[in-house]
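Working notes for the structure below.
Just so you know, ligand 1 is whichever comes first in the structure, and atom 1 is the first atom listed for that ligand. As a basis for the values below, the full set of heavy atoms in this structure was taken, side chains included, without hydrogen atoms, waters or symmetry mates.
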Amino acid sequence: MINQIIFATGNEGKMKEIRLILEDLGAEILSLKDAGIDIEIQEDGKTFEENAVIKAREVMRATGALVLADDSGLEIDYLNGEPGVYSARYLGEDTSYRIKNQNLIDRLEGVPDEQRTARFVCVIAAAFPDGRIITARGAIEGIIGYEERGEGGFGYDPIFWLPEYGCSTAELTMEKKNELSHRGKALREMKNELKKVLEA
Ligand code: IMP
């Protein structure tokens with residue numbers, strides 16, 4: 001029986017969502033801060049899977065605990081998958097999302113709806129103390145809008161348009177976003193995988 005899981009993130013907003021979704025595993029979910037861990041991790045993978053595994057494995061090695069880590073980003077088909085794994089670093093880590101979002105809208109100038117397809121992707125990796133690794137992936141499909149819309153969410157949400165809902169992901173309630181989002185889907189899949197392993 002595992003009674004503690006470390007989720008390798010420093011983002012408290014994510015921790016709230018993670019605790020809510022993983023609640024029924026019956027384990028205490030600690031952030032890096034809760035676990036008293038302060039290590040610099042080089043996220044130099046070329047895929048979301050690689051980065052999530054790098055983070056989970058390093059923290060598992062440092063603590064000996066079962067560790068989960070996630071990596072996520074926005075893939076725009078017309079830009080060959082950019083910004084992808086570089087989503088947080090696109091145009092510089094400290095550049096505002098107003099500028100990043102406007103830049104992506106500008107790069108898609110004149111591109112019609114059917115070629116503006118994009119998705120948010122999230123991969124969660126679990127690193128077990130015995131060296132086993134499992135991963136789960138979730139995605140949400142949409143198109144890149146023509147202007148920023150909405151005040152909710154964060155990052156690229158104001159330009160990520162959901163045609164079937166007639167709004168951007170920045171205009172969804174938090175509950176709805178958790179239900180539809182890449183991270184919500186990956187977390188629920190990971191929970192099911194963990195249940196299988198922990199009950200085996
Ligand atoms: P990370 O997984 O925390 O490294 O996030 C990668 C980056 O992808 C974030 O900094 C955002 O730019 C982008 N991103 C990931 N998920 C979302 C989302 O739900 N909405 C908007 N942007 C997101």
- The atoms of ligand 1 lying under 4.0 Å from a heavy atom of A88, numbered in the order shown, are 7 (C), 10 (O)
- Query: Nearest 0.5 Å, what's the CD-NE2 distance between E141 and H182?
  - Reply: 12.0 Å
- Message: For the backbone of I21 and the side chain of K191, can you confirm whether one donor and one acceptor N or O come within less than 3.5 Å of each other?
- Response: yes
- Message: Using a 6.0 Å cut-off, check whether atom OH of Y86 has over 12 heavy atoms from anything other than its own residue.
- Response: no
- Give the numbers and elements of all ligand 1 atoms closer than 4.0 Å to a heavy atom of K177. 18 (C), 19 (O), 20 (N)
- Message: Which option wins on minimum heavy-atom distance to atom 21 (C) of ligand 1: F154, Y90, Y86, Y97?
- Response: F154
- Message: Between R137 and V123 (side chain of the first, backbone of the second, donor and acceptor by atom type, cut-off under 3.5 Å), is there such a pair?
- Response: no
- In ligand 1, the atoms that come under 4.0 Å of a heavy atom of K14 are 1 (P), 2 (O), 3 (O)
- Item | Contact check, G73 vs ligand 1, heavy-atom distance below 4.0 Å | yes
- Could you tell me whether ligand 1 has any atom less than 4.0 Å away from a heavy atom of D71? yes
- Are F48 and ligand 1 in contact, using a heavy-atom cut-off of under 4.0 Å? no
- Would you say ligand 1 has an N or O under 3.5 Å from any N or O of H182? yes
- Message: Can you confirm if the NZ or CZ of R19 lies within 45° of the ring axis of F7 and under 6.0 Å from the centre of its six-membered ring?
- Response: no
- Message: Is it the case that the side chains of Y97 and D157 hold a donor-acceptor pair, with the cut-off being a distance below 3.5 Å and no angle test?
- Response: no
- Query: Does a sphere of radius 6.0 Å around NZ in K195 hold more than 12 heavy atoms from other residues, nucleotides or ligands, not counting ones at 6.0 Å or beyond?
  - Reply: yes
- Task: Assess K100 for proximity to ligand 1: is some non-hydrogen atom of it under 4.0 Å away?
- Result: no
- Item | Backbone or side-chain N or O of K55 under 3.5 Å from ligand 1 N or O | no
- Message: How long is the straight-line distance from CD1 of I144 back to OG1 of T117, given to the nearest 0.5 Å?
- Response: 9.0 Å
- Query: So is E43 polar-close to ligand 1, meaning N/O to N/O under 3.5 Å?
  - Reply: no
